[in-house]
Peer 1: 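Have a look at this one.
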Amino acid sequence: MSQQPKTIQIPITVVDEVPVAAPAEAAPGDTIVWQAGSDTVSIWFPHEDVFESREITNRSTGDIGVTVPNEAEEGEYRYAIFSHGKDDFVQGGSHPVMIIKKP
C-alpha cells in the first residue's frame, strides 16, 4: 500500500538578519514548496540524480514548488538557496538539506 503524495511547505524566514530554511523531508512523488514570500531567491542542487535540472529556479519570487521524481534515490541531498533580497545564502544547518525516504 503506497502513501498519497504530500505537499511539504518550507518557509524561508529571517533570523537575526540571516535567511533560514528548515530541512525538507520528502518521499518520491511529494511536492516541496519553498515559501520565499516577497524575497527573490535562486535554488540549486549540485546532484544531477534528484531532479532533471540542477537549477530549480533562478531569481523567482514567492512560492517555488517542485515534485520529487518517483525514481529519486533515498539519501540526504545538500542544496543552496540564495536570497537576492538579503544578498546572502539561506542557512539550514549549513546549506539546507533535503532528505528523501521511500514510504
Side-chain angles (χ1 to χ4, degrees):
M1 183 167 140
S2 64
Q3 289 184 322
Q4 292 289 350
K6 302 178 300 239
T7 298
I8 292 87
Q9 306 280 339
I10 306 296
I12 299 172
T13 59
V14 177
V15 177
D16 294 328
E17 299 297 315
V18 177
V20 176
E25 188 171 309
D30 289 349
T31 299
I32 299 171
V33 178
W34 289 272
Q35 299 170 311
S38 61
D39 195 1
T40 301
V41 299
S42 296
I43 302 174
W44 300 280
F45 273 84
H47 306 282
E48 294 179 352
D49 48 349
V50 179
F51 301 105
E52 288 181 22
S53 173
R54 292 169 136 195
E55 181 180 286
I56 292 177
T57 186
N58 190 16
R59 297 188 70 88
S60 186
T61 302
D63 290 356
I64 300 160
V66 65
T67 300
V68 177
N70 289 326
E71 57 277 353
E73 294 293 323
E74 275 191 308
E76 285 192 13
Y77 298 93
R78 297 274 172 196
Y79 64 100
I81 303 174
F82 186 78
S83 165
H84 296 276
K86 288 292 183 184
D87 198 29
D88 199 1
F89 281 94
V90 174
Q91 300 297 304
S94 171
H95 284 297
V97 63
M98 179 193 331
I99 301 165
I100 298 176
K101 293 185 176 182
K102 299 285 184 179

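Atoms considered below: every heavy atom in the structure, side chains included; atoms not considered: hydrogens, waters and symmetry mates.
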Peer 1: Find out if a path of hydrophobic residues (ILVMFWY) with successive side-chain heavy-atom gaps under 4.5 Å connects Val20 to Ile32.
Peer 2: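 Each belongs to a different hydrophobic cluster.
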Peer 1: Should Ile8 and Ile56 be counted in the same cluster of Ile, Leu, Val, Met, Phe, Trp and Tyr side chains packed under 4.5 Å apart?
Peer 2: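 Result: yes, single cluster for both.
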Peer 1: Please report the interatomic distance CD1(Ile10) to CD1(Ile64), rounded to the nearest 0.5 Å.
Peer 2: 12.5 Å
Peer 1: Can you find a heavy atom in the side chain of Ile100 that is under 4.5 Å from one in the side chain of Pro28?
Peer 2: yes
Peer 1: Test your reading of the model: is there a side-chain donor-acceptor pair from Thr67 to the backbone of Thr31, 3.5 Å cut-off?
Peer 2: no
Peer 1: I'd like to check the salt bridge (charged side-chain N to carboxylate O under 4.0 Å, His left out) partners of Glu71; sequence neighbours left out, ordered by chain and number.
Peer 2: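 Scan of Glu71 (salt bridge (charged side-chain N to carboxylate O under 4.0 Å, His left out), adjacent residues dropped) gives none.
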Peer 1: Apply side-chain contact (heavy atoms from CB on, under 4.5 Å) to Ala27 and list each qualifying residue two or more places apart in sequence or on a separate chain.
Peer 2: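 With neighbours one apart ignored, the set is Asp30, Pro103.
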Peer 1: How close do Val41 and Ala36 get, heavy atom to heavy atom, and via which atoms?
Peer 2: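 Minimum heavy-atom contact is CG2-CB, 3.9 Å.
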Peer 1: What's the spacing between Phe82 CZ and Asp39 CG if we round to 0.5 Å?
Peer 2: 9.5 Å
Peer 1: Between atom CD of Glu55 and atom OH of Tyr79, what is the distance when rounded to the nearest 0.5 Å?
Peer 2: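 It comes to 15.5 Å.
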Peer 1: Heavy atoms, side chains only, cut-off 4.5 Å: are Tyr77 and Ile99 in contact?
Peer 2: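 Sidechains of Ile99 and Tyr77: no contact.
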Peer 1: Classify the angle between the aromatic ring planes of Phe89 and Trp44 as parallel (below 30°), tilted (30 to 60°) or perpendicular (above 60°).
Peer 2: tilted
Peer 1: Do you know which two heavy atoms are closest between Val68 and Met98, and how far apart they sit?
Peer 2: CG2-SD, 4.2 Å
Peer 1: Taking CD in Glu74 as the centre, count heavy atoms belonging to other residues, nucleotides or ligands within less than 6.0 Å. Is the count above 12?
Peer 2: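 It does: Glu74 CD has more than 12 such atoms within range.
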Peer 1: Start with the C-alpha gap between Trp34 and Ile43, add the side-chain angles, then the distance that decides, and say whether side-chain contact (heavy atoms from CB on, under 4.5 Å) holds.
Peer 2: CA-CA 10 Å; Trp34 289 272; Ile43 302 174; 3.7 Å; yes
Peer 1: Run the salt bridge (charged side-chain N to carboxylate O under 4.0 Å, His left out) test against Glu25 and tell me which residues pass, sequence neighbours left out.
Peer 2: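 Once residues adjacent in sequence are excluded, the partners of Glu25 under the salt bridge (charged side-chain N to carboxylate O under 4.0 Å, His left out) criterion are Lys101.
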Peer 1: Do you know the tightest heavy-atom contact between Ile12 and Pro19?
Peer 2: CG2-CB, 4.5 Å
